[in-house]
Amino acid sequence: MGLGAVYSQAGNPAEVVRVVEVDEPRDPGPGQVLIRVTLFPIHWGDLQAIQYGYASPSGPVRAGGVEVTGVVEKIGPGVHHVAPGARVSVFPQPGAWAQRVVADAQFVVPVPDSVSDEVAAQMLGNPITVLMLRREAEKHFTTGYDGVVLNNAAGGSVGRLLTAELSTHHIATISLVRSAETALGLRERFPEVPVVVTNQPGWVAAVRDLIGGRTVGAALDPIGGAISADLLGLLSAGGTLVVYGRMADEPIPIHAWALLQNGLTIRTLTIRRWLATTSPEQRASDTKTAVLMAQALSDQFDRAAMYPIGELSDAIRHATRPGKAGKVLVRA
């Protein structure tokens with residue numbers, strides 16, 4: 001027996017998720033790998049899947065999580081790129097919040113020796129998201145030249161990594177955050193990137209001043225709700241709002257004319273779509289890029305806290321704490 005996280009109904013994740021003894025996973029079959037989990041992160045999407053009851057299972061109990069790092073214990077027939085004893089990360093891995101998991105080998109990625117376990121636990125999900133966001137930003141012809149990209153929720157784990165990645169590619173950004181404390185931390189980390197606090201009066205005018213005469217081809221937003229409409233108003237003609245999360249539990253208030261008069265576009269971006277619409281070759285390439293990103297930008301993979309799996313409810317509460325800096329990790 002081992003420990004795993006389960007829940008039987010949608011709701012507040014800190015209240016409905018339980019850590020219980022679960023049966024040990026079966027031996028891996030063809031193309032599978034048995035992994036002893038070392039660490040797993042708590043992603044915002046993990047919590048929303050529990051809160052809103054995504055992907056209802058056939059049984060009464062569901063396990064949470066999608067990303068882990070750990071050590072290979074056994075490999076099934078046909079697996080050649082990893083061996084028992086190897087450090088690996090896996091994404092996506094349904095039911096990742098457990099001490100042992102059986103993973104599809106195509107999603108099992110060797111961890112370079114230079115990457116710590118704490119970075120390895122975050123090595124795939126967020127970097128792949130950042131890579132997709134960069135591609136969306138680069139679709140506008142001014143990106144990387146005289147344009148600027150608006151980066152909402154820039155103080156979050158994805159937002160910070162996105163700032164670093166776009167800076168590496170010489171793409172100008174303006175960071176948008178909700179608190180003065182978060183803004184201070186970002187200014188210290190990225191002194192060349194302007195930051196605007198969106199809960200202060202006149203923030204939209206402040207962003208316009210920073211934009212100056214430049215083109216805003218893309219705004220990247222994991223929040224949704226009313227602020228998405230504000231971001232649309234800051235886009236240049238032909239610009240795109242990329243929504244990649246729904247942290248705000250409210251609709252986006254948009255009148256059709258706001259889109260029509262300037263030829264604006266709203267696009268959505270999710271890991272599910274990445275899995276469904278990209279070829280195995282593209283996914284493999286993206287995964288390699290994610291590993292390189294983790295190596296080159298390891299100082300951007302902050303840890304907010306570390307909890308043992310037996311204190312998963314406390315870890316979930318910490319993960320939803322306002323102003324949290326970094327990813328909450330759980331030790332299996």
Side-chain angles (χ1 to χ4, degrees), residues 2-5 22-43 45-46 63-131 157-158 161 271-272 274-275 278 280-298 300-303 306-309 312 315 327-332:
L3 297 179
V22 295
D23 292 336
E24 289 289 342
R26 65 190 186 282
D27 283 345
Q32 293 183 325
V33 179
L34 173 63
I35 297 167
R36 175 175 54 81
V37 176
T38 304
L39 295 172
F40 58 79
I42 297 178
H43 292 302
D46 298 336
V66 294
E67 185 169 13
V68 300
T69 195
V71 177
V72 174
E73 288 197 335
K74 297 180 181 179
I75 60 173
V79 177
H80 305 292
H81 71 296
V82 294
R87 293 170 65 227
V88 295
S89 289
V90 191
F91 178 86
Q93 173 57 43
W97 294 356
Q99 291 182 316
R100 281 178 173 78
V101 296
V102 173
D104 188 330
Q106 68 173 314
F107 299 120
V108 176
V109 181
V111 176
D113 291 340
S114 61
V115 175
S116 69
D117 283 350
E118 291 188 9
V119 173
Q122 312 172 56
M123 186 175 75
L124 300 175
N126 284 352
I128 289 171
T129 300
V130 166
L131 178 59
S157 297
V158 170
L161 186 59
I271 287 292
R272 286 190 179 196
W274 175 76
L275 286 168
T278 57
E281 293 78 15
Q282 182 66 66
R283 291 199 301 269
S285 176
D286 289 351
T287 298
K288 289 179 181 178
T289 301
V291 174
L292 292 173
M293 199 182 300
Q295 291 177 287
L297 301 174
S298 61
Q300 304 301 331
F301 291 75
D302 292 4
R303 182 191 79 179
M306 177 85 74
Y307 290 83
I309 192 171
L312 182 58
K327 188 67 68 178
V328 172
L329 303 178
V330 177
R331 185 174 60 252

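Not measured: the values here are computed from a predicted model.
Glu67 pairs with exactly one of Gln122, Gln93, His43 by the side-chain hydrogen bond (donor to acceptor under 3.5 Å, both in side chains) rule, that one being His43. The only member of Asp117, Asp113, Thr69 that meets side-chain hydrogen bond (donor to acceptor under 3.5 Å, both in side chains) when paired with Arg87 is Asp117.
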Stepwise side chain to side chain contact (heavy atoms under 4.5 Å, CB included) check, Val291 with Val115: CA-CA 9 Å; Val291 174; Val115 175; 5.6 Å; no
Verdict with supporting geometry, Met306 and Glu118, side chain to side chain contact (heavy atoms under 4.5 Å, CB included): CA-CA 9 Å; Met306 177 85 74; Glu118 291 188 9; 3.8 Å; yes
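Going from atom OG1 of Thr289 over to atom CD of Gln282 covers 8.5 Å, rounded to the nearest 0.5 Å. A distance of 10.5 Å separates NZ of Lys327 from CG of Leu161, quoted to the nearest 0.5 Å.
Scanning for ring-ring contact (aromatic ring centres under 6.0 Å, His included) contacts around Tyr307 gives His318, with sequence neighbours left out. Residues passing the side chain to side chain contact (heavy atoms under 4.5 Å, CB included) test with Pro94: none are found, sequence neighbours excluded.
The main-chain N or O of Glu281 is never found under 3.5 Å from a side-chain atom of Ser285 such that the two would form a donor-acceptor pair. Between the side chain of Arg100 and the backbone N or O of Leu34, no donor-acceptor pair lies under 3.5 Å. His81 places no side-chain N or O within donor-acceptor distance of the main-chain N or O of Pro110, the cut-off being under 3.5 Å.
Ring orientation note: the planes of Trp97 and Phe40 are close to parallel, at an angle under 30° on the 30°/60° scale.
Within the 4.5 Å cutoff, the side chain of Phe107 has heavy atoms near those of the Arg283 side chain. Residues Pro127 and Gln300 have side chains not in contact (no heavy-atom distance under 4.5 Å, counting atoms from C-beta outward). Between Arg331 and Leu39 the shortest side-chain heavy-atom distance falls below 4.5 Å.
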